[in-house]
Amino acid sequence: MPYEHQKIEQKWQKYWDDNQTFATNDDTSKPKYYAVDMFPYPSGQGLHVGHPEGYTATDIMSRFKRSNGYNVLHPMGWDAFGLPAEQYAMKTGHNPADFTNQNVDHFREQIKSLGLSYDWNREINTTDPKYYKWTQWIFEKLYEKGLAYESNMMVNWDPIDRVVLANEEVIDGKSERSGNKVERKALRQWVLKITAYADRLVDDLDDLDWPEAIKEQQRNWIGRSKGAAVVFNIAESDEKVEVYTTRPDTLFGASYMVLAPEHKLVDAIVTDEQKQAVLDYRTTISSKSDLERTDLNKDKTGVFTGAYGINPINGDKLPIWIADYVLASYGTGAIMAVPAHDDRDFEFAKKFGLSIKPVISGGDVTEAPYTGDGLHINSDFLNGLDKATAIDKTIAWLEANQSGHAQTNFRLRDWIFSRQRYWGEPIPVIHWEDGTTTLVPENELPLLLPHATELRPSGSGESPLANLTDWLEVTREDGVKGRRETNTMPQWAGSSWYFLRYIDPHNEEQLADPDKLKYWMNVDLYVGGAEHAVLHLLYARFWHKFLYDLGVVSTKEPFQKLVNQGMILGANHEKMSKSKGNVVNPDDIVAEFGADTLRVYEMFMGPLTQSKPWSEEGITGSRRWLDRVWRLLIDDEGKLRDHVTTYNPGNLDKIYNQTVKKVTEDLENMRFNTAISQMMVFVNEAYKSEALPIDYMIGFIQLLAPFAPHIAEELWVRLGQDASISYVTWPSYDATQLVDDTVEIIFQVNGKVRGKATVTRDVDKDSMIALAKEDDNVQNFITGKTVRKIIAVPGKFVNIVVG
RNA sequence: GCCGUUGUGGCGGAAUUGGCAGACGCGCUGGACUCAAAAUCCAGUGGUGGCAACACCGUGUGGGUUCGACUCCCACCGACGGCACCA
C-alpha cells in the first residue's frame, strides 16, 4: 500500500482535534516553553508559502519540547485590523468586519491543514471587542500616565479628496488612488511618548538573545547621541536660538546657522526684505516628502533670513539661514554650521559662498571637510586639545557661562498613534463642548466600533466615523454635549501585546491573570519576518515596559529569543508576486504532496534565517523521501515489513546513535536542514540493512515526528505503539556506540593531502609520523628534501613540512 | 550615499573550535527490474589531464597571517534588503 498522505493527514488532524492533544493547561510543576509566531494579517489572498516556514519552525520546536517534558504554550491568532480591509470596504460597500471574518475562517482552515500543534482554544482576534477592550484599556493607562497626548503632526494630505494617506499610499508624491499631488499638512494627532523609554529601549537590548543585526538596527533607529545644547542670542532681538550639536568642540569654527524651515522662530526673526523669499521657499518644500527633501535631492537649497546669531564663545555674528536639510523633528530643529568639519555644512557653504574656518588640524578644508580627530586650532582655550578633551572643556565653559549644557538626544520620535480610519480600535476619548477631554470610563469599555453599512470619507480629513452621528454625539448628565474621538488606533496597537492575551484569553476581569503571566512570560521563542525588525518589535517592547511599570507584567522584556526567518523566493530567485507569476499556493502543495512534504521541504531548503528560492523539483524530492520512509517499514499489502524485528545484528548501532545525537543537537539550535539530512543518511543506511531493529525504528519515527507529524503518528501505531506520539519521551543515544576502535588519519606534505591510513584510536604521535614517512605517495614528495618541521595531531593528521 | 545581509559544483545547500572542501537533496549519466515506459532499487557525478595510480586547478577578486584558510586580517567587486542629510 502506498503512502496516502490525504487519508493519513485527515485522520490525524481529526484525532488531535477530537482528543484535544495540544490543549495547554497551566501545570506549573513542569518547566514551560512559550513559542509564538508573529500572527498574520488575514488578507483576502489567503496563505502564502512564506507563512508555513516560520510556523513550521515554531511547531517543530514546540513538538520537540513537549517530548522533552516541557509544558508548551503554542497559540495562533489574527492581526485583523488594517488598511486593505478598509480600502476594499470603500470600494465594494461592504462592512470590513464581514469579509475580515471570512478571511479569518479561510486562513484558519488553511493553517489547520498544515498540522500545526496550536492550542486553538486560545485563538485571538484583534478586532474582537473582548480583545480590543484591553487594547483600549492600555491606551487609557498611557493617557493617565501622561504618555498619550494630542499634538499637531505632519501627515500626507490629499488636498482634493481631503483625506490623509499612509506612506505606502503615496507613490512619487501622488496619491496611489486619486493621482492627486500629495501635500504635507499638520493635523491633530494622538501621540505616544515612546521617547520617555528611549534609554531603556536601548540598554535592555543587551540581555536579549536576538540576532545582533536586529539589535543593531534598533539601536540605530533609537539613535542615542551625546552632545551639547548651545544657546545663541539673536542680534538686535530678544529672541534666542538653541541648537543641538554632537561636536561642541568645533564651536569656534561655526560660520553660519540653519533653522528648519518649519522652525517656530523663523517668522519672528526674518527681516522684511527676506520675508517673501522665506515664504516662497517654504512653499517649494511643502509638497516634498521627506524622501524628496533628502535622498532624491542631492542639491542643497536654502534661504537667508536676514537675521544674525551671536556665537556665545567668541561673539561672532553668524548669518541665520533656513534649509530643508535641517529637520524640525530632530534635536532643536536648529544647528550651528561648521562647514570645515561637516560634510553637509561644507556642501551648503560652498554652494552659497559662506566662510569655511578650520578649527581642527589634519585636512585641507579648501578641498573637503575634515571629520576626523586632530588637535584644535584657531580655538582660543581649546587649541592643542584632542576631540574628547575639547568637547568636555567646551561643555564646562558653556555651563559656566549659562550658554548651554551637555545633552543626550535621540533620533527616535514619539509615535503617531492615531489614524484617520474606520477599521481600527476606537480611541476611547470624548471631546466636550466646554473644551475638556475625558476618557470613556473603564467600566464602559470596550467602546464598540459602530457597524457601518457604507463607508464614506468624511471630507474633513477625519475618519469615516465622523459621518456616524448617532455614535459620534454624546450628552452628559449635566446636558453638556460632546463628540467622540474619530481617530482610531494603528494596526501596531493590537499587535503590541497579543502574546500576553494568549496566556489567559478568556479573562473578562483583567488583561490576563498575573500568576499565569508570571509562569508563562517571557516568550521563549518568537519567530517572524525581518521586516518587523524595528517598528513592531520596538512598539511591543515599549508597551511591555509600560505594563511592567504598571505592575501588570513581571518581566522587563517580552521576547527573550527572536529568530527572523528568511524569505521564500520564487523559482527565478525573485520575490514572489502576482505580477511576476511566480507565486506558489500552499493549498496546491498540501493537496498534491501533503502537509508533511511541505513542512519537510521548507525546512530542508536551507537555513531558516536565509532567503531561498522555491523549487518544483525540490518539493518532489522531499515527497520521494517520505515515500521512501514509508516503504522502508510498510509493504505493498500495507503491513509492517518482516525485516522489522526484535533481533539487532548491530550493523545500525553506530548510525542510529549518531542520528539521534545529531538531530537532537540540530533541533536545539534550530538547524532543521542538517537534521533532515542526517535522517536521510540514516534511511539510506537502513535500506542497505537486512534487519531493522524495531527499537531503532521507533526512535527514528520519534525524530521524524516534529518535522512530519502525520506520517510519524501513522507509522508509530503501525509499529505497535499506542497513539499518540506527541508526548512520548524523546529518544536518547548511547555515546559509547559513537566511537570506533580505529580512525582514519591523513598525511599531509606542506599542508596538502598525500595519503591516508587507518589506525587504532589511541595511536601515538611517533607511530603516526613513522607511518606517514613510510607512505609511498608521501615519499614521492619528501625524498631528496629537507624535513623542516612535523606537526602531528593524534588521531587526526600528520603534516610534514619540507623545503 | 549610508547601514545591514550575502557570495562555495549545473541548482538548493554542508563543512558547529583554523585541520580530508562539496555531506544531504535536486539534476544528469550508467546499471538492475520491465515486452517497453514510468515508478523503484543500486552505482557514478567540481574542472582539466591520465587506462589507472595520481597530478594540477578550485569556496566573488587581489593581497596578508599560518605548518595548514570557505573559516582569521586588509583592500576591492557583485547581488539582495532597509533607510535616517539625525547636526
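Note on naming: letters A, B, ... go to the chains in the order of the sequence lines (proteins, then strands), and numbering restarts at 1 for each one. Hydrogens, waters and symmetry mates are skipped; everything else that's a heavy atom, side chains included, is used.
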Original post:
Is a side-chain donor-acceptor pair under 3.5 Å present for A:Ser225 with A:Asn409?
Top reply: no
**OP:** Please work out if A:Glu216 contacts a base, only the sugar-phosphate, or nothing of the nucleic acid, heavy-atom cut-off 4.0 Å.
**Re:** nothing
Original post:
Using the purine O4'-C1'-N9-C4 or pyrimidine O4'-C1'-N1-C2 torsion, is B:G31 syn (within 90° of 0) or anti?
Top reply: anti
**OP:** Take atom C1' in B:C67 and the same atom in B:G49, then report the distance between them in whole Å.
**Re:** 29 Å
**OP:** Classify the angle between the aromatic ring planes of A:Tyr330 and A:Tyr244 as parallel (below 30°), tilted (30 to 60°) or perpendicular (above 60°).
**Re:** perpendicular
**OP:** Check whether any side-chain N or O of A:Asn799 sits under 3.5 Å from a backbone N or O of A:Gly751 as a donor-acceptor pair, and report yes or no.
**Re:** yes
**OP:** Check whether any side-chain heavy atom of A:Ile655 sits under 4.5 Å from a side-chain heavy atom of A:Gln678, and report yes or no.
**Re:** yes
**OP:** For RNA chain B, just give me the dot-bracket, please: Watson-Crick or G-U, both distances below 3.5 Å, ( ) intra-strand, [ ] crossing earlier pairs, | paired with another strand, . unpaired.
**Re:** (((((((..(((......[....)))((((((.......))))))((((....))))..(((((..]....))))))))))))....
Original post:
With a 4.5 Å limit on heavy-atom distance, are the side chains of A:Asn564 and A:Leu608 in contact?
Top reply: no
Subject >> A:His643 NE2 - B:C41 P separation (whole Å) >> reply: 13 Å
Subject >> A:Phe700 and A:Phe682 aromatic centres sub-6.0 Å >> reply: yes
**OP:** Please name all residues satisfying salt bridge (charged side-chain N to carboxylate O under 4.0 Å, His left out) with A:Lys796, sequence neighbours left out, ordered by chain then number.
**Re:** none
Original post:
Can you tell which of B:G12, B:U5, B:C20 lies closest to the side chain of A:Lys612?
Top reply: B:G12
Original post:
Does NZ or CZ of A:Arg631 lie under 6.0 Å from the centre of the six-membered ring of A:Tyr3, at an angle within 45° of the ring axis?
Top reply: no
Original post:
Between B:A87, B:G27, B:G25, which nucleotide gets closest to the side-chain atoms of A:Met680?
Top reply: B:G25
Original post:
Can you find a side chain N or O atom of A:Asn673 that sits less than 4.0 Å from OP1 or OP2 on B:A14?
Top reply: yes
Subject >> First of A:Asn669 and A:Ser677 reached from the 5' end of RNA chain B, by closest nucleotide >> reply: A:Asn669
Original post:
With a distance cut-off below 6.0 Å to the six-membered ring centre and an angular limit of 45° from the axis, does A:Lys300 pair with A:Tyr325 as a cation-pi contact?
Top reply: yes
Original post:
For A:Gly621, which contact category applies under a 4.0 Å heavy-atom criterion: base, sugar-phosphate, or nothing?
Top reply: sugar-phosphate
**OP:** Give a yes/no on whether any side-chain N or O of A:Lys789 is located under 4.0 angstrom from OP1 or OP2 of B:C67.
**Re:** yes
Original post:
Under 4.0 angstrom, heavy atoms only, what part of the nucleic acid is A:Ser622 near: base, sugar-phosphate, or nothing?
Top reply: nothing
Original post:
Can you find a side chain N or O atom of A:Arg628 that sits less than 4.0 Å from OP1 or OP2 on B:C42?
Top reply: yes
Original post:
What interatomic distance, in whole Å, is found between P of B:G18 and the corresponding atom of B:C11?
Top reply: 29 Å
Original post:
Once you round it to whole Å, what is the distance between C1' of B:U40 and OH of A:Tyr687?
Top reply: 9 Å
Original post:
Of the nucleotides B:A14, B:C26, B:G25, which has the atom closest to the A:Thr674 side chain?
Top reply: B:A14
**OP:** Using a heavy-atom cut-off of under 4.0 Å over every strand shown, decide if A:Lys575 touches base, sugar-phosphate, or nothing.
**Re:** nothing
Original post:
Taking the P atom of each, how far is B:G46 from B:C41, in whole Å?
Top reply: 22 Å
Subject >> B:C20 base / A:Glu744 side chain donor-acceptor hit below 3.5 Å >> reply: yes
**OP:** For A:Met605 and B:C11, give me the distance from atom CE to atom P, rounded to whole Å.
**Re:** 16 Å
Subject >> Presence of A:His573 side-chain N/O under 4.0 Å of B:A79 phosphate oxygens OP1/OP2 >> reply: no
**OP:** Give A:Thr245 one of three labels, base, sugar-phosphate or nothing, depending on what nucleic acid heavy atoms sit under 4.0 Å from its own.
**Re:** sugar-phosphate
Subject >> Separation of B:G25 P from A:Met679 CE (nearest whole Å) >> reply: 13 Å
Original post:
In terms of side-chain heavy atoms of A:Gln748, which of B:C20, B:C26, B:A87 is nearest?
Top reply: B:C20
**OP:** Look at the side chain of A:Lys756 against the base of B:C20 and say whether a donor-acceptor pair falls under 3.5 Å; ignore hydrogens and angles.
**Re:** yes
**OP:** Please measure how far the P atom in B:C24 lies from the corresponding atom in B:G44, and state the result in whole Å.
**Re:** 10 Å
Original post:
Would you say the ring centroid of A:Trp625 lies under 6.0 angstrom from that of A:Phe604?
Top reply: no
**OP:** Can you figure out which of B:C24, B:G12, B:G27 approaches the side chain of A:Pro613 most closely?
**Re:** B:G12
Original post:
Is any side-chain N or O of A:Tyr330 closer than 4.0 Å to OP1 or OP2 of B:A87?
Top reply: yes
Original post:
Under 4.0 angstrom, heavy atoms only, what part of the nucleic acid is A:Asp345 near: base, sugar-phosphate, or nothing?
Top reply: nothing
Original post:
In whole angstrom, what separates A:Gln217's CD from B:C83's C1'?
Top reply: 10 Å
Produce the list of close N/O pairs, under 3.5 Å, pairing protein atoms with atoms of nucleotides 54-58 of chain B; give distances to one decimal.
from, atom 1, to, atom 2, distance (Å)
B:A55, OP1, A:Arg754, NH1, 3.1
B:A55, OP1, A:Asn777, ND2, 3.0
B:C56, OP1, A:Arg754, NH2, 3.3
B:C56, OP2, A:Arg754, NH1, 2.9
B:C57, OP2, A:Lys752, NZ, 3.1

Subject >> Proximal nucleotide (of B:G13, B:A87, B:G27) relative to the A:Arg344 side chain >> reply: B:A87
Original post:
With a 4.0 Å cut-off on heavy atoms, is A:Asn564 in touch with a base, just the backbone sugar-phosphate, or nothing at all?
Top reply: nothing
Subject >> Between B:A87 (P) and A:Ile320 (CD1): distance, integer Å >> reply: 21 Å
Original post:
For the pair made of CZ in A:Arg671 and P in B:G12, what is the distance, rounded to whole Å?
Top reply: 22 Å
**OP:** Ignoring backbone atoms, test whether A:Arg631 places a side-chain nitrogen or oxygen under 4.0 Å from the OP1 or OP2 oxygen of B:C41.
**Re:** yes
Original post:
More than 12 heavy atoms of other residues, nucleotides or ligands under 6.0 Å from CG of A:Asp642: is that the case?
Top reply: no
Original post:
Can you tell me how far C1' in B:C76 sits from the matching atom in B:G7, rounded to whole Å?
Top reply: 14 Å
**OP:** Would you mind classifying the nucleic acid contact of A:Asn799 as base, sugar-phosphate or nothing, using non-hydrogen atoms under 4.0 angstrom?
**Re:** base
Original post:
If you measure from the P atom in B:C3 to the same atom in B:U8, how many Å do you get, rounded?
Top reply: 24 Å
Subject >> Plane angle bin for A:Phe348 and A:Tyr256 - parallel if under 30°, tilted between 30 and 60°, otherwise perpendicular >> reply: parallel
Original post:
Mind checking the P distance from B:C26 to B:A39? Whole angstroms is fine.
Top reply: 12 Å
Original post:
In whole Å, what is the span from the CD atom of A:Gln678 to the C1' atom of B:C24?
Top reply: 9 Å
Original post:
Judged by modelled atom types alone, do A:Thr674 and A:Asp666 share a side-chain donor-acceptor pair under 3.5 Å?
Top reply: yes
**OP:** In whole angstrom, give me the gap between the C1' atoms of B:U45 and B:G25.
**Re:** 14 Å
**OP:** Taking the six-membered ring of A:Phe593 (Phe, Tyr or Trp), confirm whether the NZ or CZ of A:Arg623 is under 6.0 Å from its centre and within 45° of its axis.
**Re:** no
**OP:** Name the residue closer to the 5' end of RNA chain B, choosing between A:Lys688 and A:Gly331 according to the nucleotide with the nearest heavy atom.
**Re:** A:Lys688
Original post:
With a 4.0 Å cut-off on heavy atoms, is A:Ser611 in touch with a base, just the backbone sugar-phosphate, or nothing at all?
Top reply: sugar-phosphate
